[in-house]
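Written out below as structure tokens is the structure these notes cover.
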Amino acid sequence: GLPWRLFLTTGILGGFTTFSTFSLDAAALLERGQAGLAALYILLSVGAGLLGLFAGLALTRPFL
């Protein structure tokens, strides 16, 4: 039904398109010879994602 369709299209496919955009941006920086900026972009993106994950866990765990 509808919940599975939303999960597969928005959840799974949305995650792949987000990750592929991130990868394309990093690759474009590398191809332009901006390795330092690419490394900073990768580190900050992954770091911010992990920080957001742990913040979300800390905020929601009391309610579980």
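The basis for the numbers below is simple: all heavy atoms, side chains too, and nothing from hydrogens, waters or symmetry mates. For this chain, numbers begin at 1 and follow the sequence in order. Just so we're clear, the structure is a prediction, and the values are computed from it rather than from any experiment.
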_Joint cluster assignment, Ile42 & Phe19, ILVMFWY side-chain distance < 4.5 Å_ = yes
*Looking at Ala38 and Ala26, what are the two nearest heavy atoms and their distance?*
CB-O, 4.0 Å
*To the nearest 0.5 angstrom, please state how far the CG atom of Leu57 sits from the CG atom of Leu64.*
9.0 Å
*Leu24-Leu37 co-clustered via ILVMFWY side chain contacts under 4.5 Å*: no
*Give, for atom CG of Leu29 and atom OH of Tyr41, the distance between the pair rounded to the nearest 0.5 Å.*
8.0 Å
